[in-house]
Structures are given as structure tokens and as C-alpha cells.
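Data block below; observations after.
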Amino acid sequence: MPELPEVETVRTGLERLIIGREIADVFADTVKSFPNDPEEVAQCLVDARVESVRRRAKVLLIDLSTRYTLVVHLKMTGQLVFRGEQNFGAGHPNDSLVGMLPDKSTRVILTFRDKSVLYFNDQRKFGWMKLYPTAEVPNIDFMRKVGPEPLEDSFTGELLYERLQRRKNTCIKAALLDQTVLAGVGNIYADESLWGAKIHPATIVKNIPKSKINNVASEIQIVMRLAIEKGGSTDRNYVNAEGKKGSYIDFARVFRRENLPCPRCSTTILKTRCAGRGTHLCPVCQPAATTLFQ
DNA sequence: CACTTGACCTGTCCGC
DNA sequence: TGCGGACAGGTCAAGT
């Protein structure tokens with residue numbers, strides 16, 4: 001669930017909440033959640049000060065004064081939640097999904113000198129955090145292979161078209177989900193963007209004219225900018241760095257809106273399967289036809 | 001190489 | 001009410 005807008009929302013929250021704080025103690029529950037050697041972790045993290053919080057695709061990069069970077073992938077159910085004095089042990093306001101911490105999903109705990117805490121929670125244990133020397137981060141396999149950031153000025157329909165050439169025989173949805181084509185798109189924003197561009201998710205890439213790819217590129221930007229403005233999408237698990245939900249899901253046009261009317265033409269939204277994922281579409285706005293674009 | 005499928009996990013929901 | 005199975009979706013390894 002955390003896709004680009006959710007990870008970006010966590011990033012801006014962390015930037016405000018943890019920069020300048022010094023780590024005093026680290027707890028990690030399993031090797032999988034934090035695979036570095038525990039001694040290395042203690043050595044590189046304890047007494048380190050947080051210098052900056054960056055994002056690339058769906059990955060968070062927490063740069064430390066020790067010239068190490070904590071790389072974090074939230075995968076589907078990961079959360080990074082900060083607790084300082086003002087919200088220590090905070091209960092469950094309506095906009096929160098997180099109660100007392102740690103809880104049974106807590107995988108890693110970073111305690112700062114001032115007793116504030118950063119919790120890494122992950123119900124399904126798919127997420128991870130890992131330490132790398134900051135200078136080596138660009139050489140991480142993922143960082144070398146990942147595609148362009150859709151919200152940068154350099155991202156255009158032309159660039160998307162070019163990137164899609166590597167996946168021209170697959171369906172457009174699978175191609176958009178491929179992080180080496182384009183960074184940061186997941187299931188929610190793939191469905192939303194394809195609805196915006198009026199393209200059926202199962203359409204084979206090579207059958208889509210360039211003008212339509214331009215539309216896809218701009219829809220991705222429109223949808224993601226709105227999602228960031230709304231603090232991301234809380235479908236089930238996602239919360240920001242303060243433990244609060246995002247509200248984009250209330251503005252979604254197709255995602256999780258099966259059996260409801262299409263906001264454009266009132267046709268009932270369908271839920272199908274495409275690229276191995278639950279896929280939402282309007283059968284009238286996004287017709288499945290091979291000769292559609294002739 | 002291009003593409004698809006299954007595995008990784010746990011919580012939730014649905015049908016019996 | 002309990003229980004089995006499907007499902008949720010990001011990424012990578014393994015298979016076609």
C-alpha cells in the first residue's frame with residue numbers, strides 16, 4: 001500500500017520530527033526486519049544524529065551523521081511512527097490507526113537521546129530496514145535499476161513512452177507497476193491513472209498510441225499530487241509518521257469503488273484481475289478492445 | 001531477455 | 001460460533 005504518495009507523506013513527517021535527534025538505543029525483533037549484524041547496527045546507529053530524510057521511489061533514506069544511511073522499505077503494511085513527548089502513548093483519535101506502542105507488529109525501535117521514539121511496525125513482515133554506508137546507496141541494486149521519478153520536472157510523456165519500450169508486449173498495468181519502468185506507482189495509483197487516461201488496464205503497451213501515453217504520464221502526476229495533498233491513501237494499514245491516516249481514498253474514482261457509479265459516466269465500476277492484482281475500471285470509459293485506438 | 005507466477009506473511013472477511 | 005479458504009499487494013526468485 002505505501003506507494004509514492006504515502007512514502008512521501010511519511011518522509012515529510014519524519015523530516016519535521018526526527019532531523020537533529022540523536023539515537024541512543026536500537027531494538028530489532030528479527031534478522032529479517034533488520035538484516036545487518038547487530039554489532040554493526042549498534043556501532044553505526046548509536047550516537048548517530050539524523051541529518052536528512054530522502055525518498056527514492058517507495059524507499060526512504062534516513063541519512064545519519066555516521067555517514068551511514070538507514071534504508072527503509074515499508075512494502076505493504078509497514079509503518080514508521082514517531083512518538084515524542086506531546087503524543088507519548090497517545091490513544092486512538094479517529095484519524096489514527098495506532099494506539100499504544102510498541103505493539104505486536106513492532107519490528108524495530110529507535111530510541112533517541114531525548115526519549116522520543118521511532119517505531120517500525122509491520123504486520124506482515126514484508127518490509128525491512130537496512131544500513132548502508134551513505135556513499136554506497138547509489139550502488140544498491142534497486143537504486144541502479146529503478147526508473148524515473150514521476151513528479152520530477154524531467155518526467156514527460158516522451159520519457160514514459162521511451163521507458164515503456166522495455167515492456168511493450170505486456171499489459172499497461174503490469175508495465176506501470178514495474179519499478180524499473182517508472183518509480184513509485186503501485187496498485188492504487190495505477191488504477192486511478194488508467195481511469196484518468198481512459199485506458200483499459202489490460203491493453204498491451206505496443207497498441208497504445210503515443211498521445212495516450214502522454215495522457216497516462218500527466219494522469220500519474222495529477223493523481224499523485226492530489227494524493228500527496230490528501231496525505232496518501234489509507235486502505236487498511238497505512239499511517240503517516242504521526243500515526244494518522246491519509247484521505248485520498250475518499251477522492252478515488254475507481255479504486256475500491258467496485259459496484260459504485262463511475263464519476264464520469266455513472267456506469268457501474270468493475271473489479272477484475274489484471275497483472276495478478278485486483279483491478280478497478282469503468283467498462284465504458286475504459287473499453288477493452290484491440291482496435292480501440294484506430 | 002521478456003514475461004508470468006508463486007513465495008514471502010498475517011489479519012480480515014465470507015461462506016458453510 | 002468456528003473453520004477453511006480467498007484475498008490484500010510490493011518485490012524478487014524461479015519458472016515458462
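Nothing here was measured: the structure is a model prediction, and the numbers come from that model. Here is how names work: the chains are called A, B, and so on, in the same order as the sequence lines, proteins then strands, and each is numbered from 1.
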Candidate nucleotides [options], ranked by approach to the side chain of [X] - the nearest:
X        : options               : result
A:Arg124 : C:dT11, B:dT4, B:dC9  : B:dC9
A:Phe142 : C:dT11, C:dA8, C:dG10 : C:dT11
A:Asn169 : B:dA2, C:dA8, C:dG10  : B:dA2
A:Gln179 : B:dC3, C:dT11, C:dG9  : C:dT11

Base, sugar-phosphate alone, or nothing: which one does [X] contact when heavy atoms must sit under 4.0 Å apart?
X        : answer
A:Phe255 : sugar-phosphate
A:Gly276 : nothing
A:Arg107 : nothing
A:Lys145 : nothing

Nearest-nucleotide 5' precedence on DNA chain C, A:Arg277 against A:Asp235: A:Asp235
Can you find a side chain N or O atom of [X] that sits less than 4.0 Å from OP1 or OP2 on [N]?
X        : N      : result
A:His73  : C:dG10 : no
A:Lys125 : B:dT10 : yes
A:Thr170 : B:dT4  : yes
A:Lys104 : B:dG11 : yes
A:Lys271 : C:dA8  : yes

With both distances under 3.5 angstrom, what nucleotide forms a Watson-Crick or G-U wobble pair with B:dC9? none
Would you call A:Arg16-A:Glu242 a salt bridge at under 4.0 Å N-O? yes
For [X] and [N], what is the distance between atoms [atom1] and [atom2] respectively, to the nearest whole Å?
X        : N      : atom1 : atom2 : answer
A:Asn187 : C:dC7  : CG    : P     : 14 Å
A:Leu4   : C:dG10 : CG    : P     : 12 Å
A:Asp178 : B:dT4  : CG    : P     : 11 Å
A:Gln165 : B:dC3  : CD    : P     : 11 Å
A:Arg167 : B:dA2  : CZ    : C1'   : 7 Å
A:Ile172 : B:dT4  : CD1   : P     : 13 Å
A:Asn237 : B:dC13 : CG    : P     : 13 Å
A:Lys168 : B:dC3  : NZ    : P     : 9 Å

Less than 5.5 Å between centroids and less than 30° between ring planes, does A:Phe126 satisfy that with C:dT11? no
Contacts of A:Arg236 and A:Met76 projected onto DNA chain B by closest heavy atom; the upstream (5') one is A:Met76
One should read off an interatomic distance between A:Asp178 CG and A:Lys173 NZ, to the nearest 0.5 angstrom, of 14.0 Å
Rounded distance [0.5 Å steps], CD in A:Glu158 versus CD in A:Glu162: 7.5 Å
Taking the inter-plane angle between the rings of A:Phe142 and A:His73 on a 0 to 90° scale, is it parallel (under 30°), tilted (30 to 60°) or perpendicular (over 60°)? perpendicular
Given A:Asp63, which partner from the list A:Val53, A:Thr134, A:Ile19 fulfils the side chain to side chain contact (heavy atoms under 4.5 Å, CB included) test? A:Thr134
Take A:Tyr248 and A:Phe255, measure what ring-ring contact (aromatic ring centres under 6.0 Å, His included) needs, and give me the verdict at the end. CA-CA 10 Å; A:Tyr248 176 83; A:Phe255 190 80; 9.0 Å; no
Rounded distance in Å between the P positions of C:dG9 and B:dC13: 15 Å
Nearest-angstrom distance, P atom, B:dC9 to C:dA14: 15 Å
Do the side chain of A:Gln286 and the main chain of A:Cys282 share a donor and acceptor less than 3.5 angstrom apart? yes
